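Data block below; observations after.
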Amino acid sequence: EVQLVESGGGLVQAGGSLRLSCAASGFTFDDYVIGWFRQAPGKEREGVSAISSSDGSTYYADSVKGRFTISSDNAKNTVYLHVNSLKPEDTAVYYCAAQEGPPPEFMTIAAIERAYDYWGQGTQVTVSS
């Protein structure tokens, strides 16, 4: 079965950094898109970042651009999200998701929840003031 497992969350002070990991298993395809989403209490789930394994295309939400960096290790079927210069408003449960691809328009669907086929259980990131 396809499984996605997030790790790397924790409690950090504002300005700190974490490396979130999304390890995938059970995939039978080479081309895929991995997206990162987050949801905080009282807020809608939002797409944070995404990467395409086929050509390395990346997406970042405006709220995290310049602070977060997504990367992939295709040999390990693992995607990383380096979250830097963290702010209290970054506090959320972070989820990774996968879709079989490549999509015709990566940038169009990178942050669309319904475009993804598989989801992990999430990892909590808490940023204190």
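Note that the structure is a prediction, hence the values are computed from the model and not measured. All residue numbers refer to positions in the sequence shown, counting from 1.
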> Can you list every pair that meets ring pair (Phe, Tyr, Trp, His ring centres under 6.0 Å) and has a residue in residues 34-90, with sequence neighbours left out?
Replying inline: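 Non-adjacent pairs meeting ring pair (Phe, Tyr, Trp, His ring centres under 6.0 Å): Phe37-Tyr116, Phe37-Trp119.
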Nearest 0.5 Å please: distance from the [atom1] atom of [X] over to the [atom2] atom of [Y].
| X | Y | atom1 | atom2 | value |
| --- | --- | --- | --- | --- |
| Ile70 | Ser72 | CD1 | OG | 8.0 Å |
| Gln99 | Glu113 | CD | CD | 12.5 Å |
| Glu46 | Ser63 | CD | OG | 5.0 Å |

Sub-3.5 Å donor-acceptor pair from the side chain of [X] to the main-chain atoms of [Y], do we have one?
| X | Y | result |
| --- | --- | --- |
| Thr78 | Lys76 | yes |
| Glu6 | Gly122 | yes |
| Thr91 | Val127 | yes |

Quick check: closest heavy atoms across [X] and [Y], and the distance to 0.1 Å?
| X | Y | answer |
| --- | --- | --- |
| Gly9 | Leu20 | N-CD2, 3.7 Å |
| Ile34 | Ala98 | CD1-CB, 3.5 Å |
| Ala50 | Val33 | CB-CG1, 4.4 Å |

>> Could you check whether Arg38 makes a cation-pi contact with Tyr95, meaning its NZ or CZ is under 6.0 Å from the centre of the six-membered ring and within 45° of the ring axis?
In response: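 Pair Arg38/Tyr95 does not count as cation-pi.
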>> Membership question, hydrophobic clusters at under 4.5 Å side-chain separation (ILVMFWY): are Val2 and Ile51 in the same one?
In response: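 Yes: a chain of side-chain contacts under 4.5 Å links Ile51 to Val2.
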>> Any heavy-atom pair between the side chains of Leu18 and Val125 that's under 4.5 Å?
In response: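 Sidechains of Leu18 and Val125: in contact.
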>> For a 4.5 angstrom cut-off between non-hydrogen side-chain atoms, does Asp90 reach Arg67?
In response: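 SC-SC contact between Asp90 and Arg67 confirmed.
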> Can you list every pair that meets side-chain hydrogen bond (donor to acceptor under 3.5 Å, both in side chains) and has a residue in residues 120-129, with sequence neighbours left out?
Replying inline: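 Only Gln124-Thr126 qualify under side-chain hydrogen bond (donor to acceptor under 3.5 Å, both in side chains).
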> Quick one: do the Ser17 and Asn84 side chains pair a donor with an acceptor below 3.5 Å?
Replying inline: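 Yes, Asn84 and Ser17 have a side-chain donor paired with an acceptor closer than 3.5 Å.
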> Just by distance, with hydrogens left out, do Asp117 and Tyr32 show a side-chain donor and acceptor under 3.5 Å apart?
Replying inline: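 Absent: no donor and acceptor within the cut-off.
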>> Glu89: which residues meet the salt bridge (charged side-chain N to carboxylate O under 4.0 Å, His left out) condition with it, sequence neighbours left out?
In response: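 With sequence neighbours excluded, Glu89 shows a salt bridge (charged side-chain N to carboxylate O under 4.0 Å, His left out) to no residue whatsoever.
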